[in-house]
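Below: one structure, written as structure tokens.
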Amino acid sequence: MPELPEVETVVRYVRPNIVGKIIQGVIPQNNYDKVLATHTPKRFNKLVAGQSIIDVTRRGKYIALNFDNGFLLIHLRMTGRLLLKLSEDDKLKHLTAIINFTDKASLYFKDYRKFGRLYYYDSMDYINNKLGVEPLSKDFTGDWLYNNLHKNKRQLKPLLLDQGFIAGLGNIYVDEALWFARLHPQQISSVVSRKKSNVLHAAIQRLLQTAIDNQGTTIINFYFGEGEKGNFREQLQVFGRQDKKCPRCKTVIEKIRVAQRGTHICPHCQKI
DNA sequence: GGGATTGTTTAAAC
DNA sequence: CGTTTAAACAATCC
């Protein structure tokens with residue numbers, strides 16, 4: 001379940017291995033042309049073939065291969081993985097695309113649920129207009145969060161999950177951040193106090209940065225490189241810890257549903 | 001077999 | 001209009 005820290009971990013893993021390479025072609029696998037979200041395979045290849053990778057960056061949960069002219073974006077969705085080589089036991093039927101380079105190297109897109117997609121855009125404008133603030137950028141300030149929580153009248157959890165509000169948060173880090181700020185996920189955003197908003201702001205930034213430092217969180221299926229796991233799981237306070245005790249007050253953590261998503265809360269610390 | 005799981009988009013309902 | 005809910009997408013696990 002790659003969220004911002006996991007995507008950043010993948011970017012840092014592939015960047016030194018593919019910067020400078022020239023794309024020869026992008027080949028959908030297993031008849032899954034749908035993996036190319038923006039163009040037909042023929043058109044997609046016309047746009048990316050011959051392009052040199054200047055840099056690999058991240059915007060929200062998107063990975064961006066930067067060309068001199070244009071961008072190839074990759075979204076891992078839930079189970080997507082980027083591999084620099086295939087191991088013996090990699091199941092070929094789970095491959096959805098291969099990006100071939102002119103030096104015979106390849107970047108393999110493996111995705112057993114097939115939700116992950118590749119996109120080509122001339123500029124990042126389309127994606128930038130769709131996505132909200134980068135939570136680790138200087139634009140994401142305490143003032144920004146407080147003001148924008150109060151511009152909306154929505155439940156906190158679906159608001160924080162909305163990529164058009166803040167780009168990159170997912171189920172894990174939202175549950176963790178709300179617990180740190182002692183905020184109930186169904187609290188309406190416009191009534192959050194300045195004090196709690198500030199705690200939430202600090203928690204979001206600290207969680208994301210610490211998770212990146214620990215190469216992300218592996219719950220079930222986040223791996224990068226050659227099967228390496230993220231180490232942040234050990235630092236989770238509520239996510240996946242239903243029926244266990246709240247680290248703060250020892251109340252039993254509950255798993256509830258908010259906006260159709262499994263949601264972990266301490267019923268004592270987090271009240272509406 | 002039924003239900004939950006995950007992120008995002010889109011459509012419909014409120 | 002703003003917000004909420006549900007379905008769709010795919011495959012697997014319990």
Side-chain angles (χ1 to χ4, degrees), chain A residues 1-10 28-38 58-64 73-82 89-97 109-119 121 126-132 135 148-177 184-192 208 211 216-224 229-230 232-233 236 238-243 254-264 272:
Chain A
M1 299 152 271
E3 304 178 27
L4 188 155
E6 292 74 36
V7 175
E8 181 65 30
T9 298
V10 172
Q29 300 293 297
N30 294 298
N31 291 317
Y32 200 66
D33 289 0
K34 268 203 281 185
V35 70
L36 307 180
T38 51
R58 181 193 57 73
R59 176 75 171 98
K61 298 174 193 171
Y62 289 84
I63 297 160
L73 302 188
I74 302 168
H75 199 302
L76 303 173
R77 287 297 243 280
M78 301 185 303
T79 55
R81 292 179 57 188
L82 291 179
D89 55 336
D90 272 318
K91 295 191 177 126
L92 296 180
K93 70 169 183 172
H94 293 151
L95 277 185
T96 55
F109 192 22
K110 183 183 168 186
D111 184 10
Y112 82 95
R113 281 186 195 166
K114 299 186 175 179
F115 280 11
R117 294 288 183 268
L118 305 184
Y119 311 76
Y121 292 113
Y126 174 78
I127 232 70
N128 281 331
N129 289 335
K130 205 170 58 154
L131 297 180
N148 283 280
L149 286 178
H150 282 250
K151 276 184 196 165
N152 287 280
K153 290 193 173 79
R154 297 173 62 184
Q155 295 180 356
L156 285 171
K157 175 140 182 176
L159 180 59
L160 293 173
L161 285 173
D162 186 340
Q163 301 299 298
F165 185 63
I166 299 174
L169 297 180
N171 215 22
I172 297 175
Y173 298 105
V174 167
D175 279 6
E176 292 294 302
H184 193 283
Q186 289 173 303
Q187 177 75 265
I188 299 299
S189 57
S190 56
V191 303
V192 173
L208 294 177
T217 302
T218 296
I219 296 287
I220 304 167
N221 46 40
F222 171 68
Y223 300 94
F224 65 97
K229 292 182 180 181
F232 192 70
R233 182 178 187 163
L236 296 180
V238 284
F239 191 89
R241 297 191 67 254
Q242 60 271 25
D243 304 327
E254 291 177 359
K255 185 171 182 181
I256 62 175
R257 283 192 91 69
V258 177
Q260 279 73 245
R261 309 297 305 279
T263 299
H264 309 77
I272 293 185

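No experiment lies behind these values; they were computed from the predicted model shown. In the text below, chain A, chain B and the rest are named by the order of the sequence lines, each starting its count at 1.
The side chain of A:Asn152 approaches C:dT3 more closely than any other nucleotide in the set B:dT8, C:dA10, C:dT3. Comparing atom distances between the A:His94 side chain and each of C:dA10, C:dT4, C:dT12 picks out C:dT12 as nearest. Of the candidates C:dT4, C:dT5, B:dT9, C:dT4 carries the atom nearest the A:Arg154 side chain, counting heavy atoms from C-beta on. In this structure, the nucleotide among C:dT3, C:dT12, B:dT9 sitting nearest to the side chain of A:Lys130 is B:dT9. The listed nucleotides are C:dA10, C:dT4, B:dT9; the one nearest the side chain of A:Tyr32 is C:dA10. Set against C:dA10, C:dT12, B:dT8, the side chain of A:Phe115 has C:dA10 as its closest nucleotide. With C:dA11, B:dT8, B:dA4 as the choices, the nucleotide that has an atom nearest any side-chain atom of A:Arg113 turns out to be C:dA11.
A sub-4.0 Å separation between OP1 or OP2 of B:dT5 and a side-chain N or O of A:Lys255 is present. One finds no side-chain N or O of A:Gln260 lying less than 4.0 angstrom from the OP1 or OP2 phosphate oxygen of C:dT5. Here A:Lys153 does not reach the OP1 or OP2 of C:dT4: none of its side-chain N or O atoms lies under 4.0 Å away.
A straight line from CG of A:Asn30 to C1' of C:dA11 spans 14 Å, rounded to a whole angstrom. Atom-to-atom, CD of A:Glu3 to C1' of B:dT5 comes out at 14 Å; the value is rounded to the nearest Å. A:Gln187 places its CD atom 16 Å from the C1' atom of C:dT3, with the value rounded to the nearest Å. To the nearest angstrom, P of C:dC9 lies 19 Å from CG of A:Leu36. Going from atom OH of A:Tyr126 over to atom P of B:dT9 covers 7 Å, rounded to whole Å. Atom CG of A:Leu149 and atom P of C:dG2 are 18 Å apart (whole Å). Rounded to a whole Å, the CG atom of A:Leu161 is 16 Å from the C1' atom of C:dA6. Atom P of nucleotide C:dT3 and atom CG of A:Asn148 are separated by 12 Å, given to the nearest angstrom.
A side chain to side chain contact (heavy atoms under 4.5 Å, CB included) with A:Val174 is found for exactly one of A:Leu156, A:Leu169, A:Leu159, A:Ile166, namely A:Leu169.
Nucleic acid contact class of A:Asn171 (heavy atoms, under 4.0 Å, all strands): sugar-phosphate only.
Between A:Val7 and A:Tyr62 the shortest side-chain heavy-atom distance does not fall below 4.5 Å.
Formation of a donor-acceptor pair under 3.5 Å by the A:Asp175 side chain with backbone atoms of A:Val238 is not found in this model.
The environment of A:Lys153 atom NZ is sparse: at most 12 non-hydrogen atoms of other residues, nucleotides or ligands sit within 6.0 angstrom.
A salt bridge does not link A:Asp243 to A:Lys255: none of the charged side-chain nitrogens sits closer than 4.0 Å to a carboxylate oxygen.
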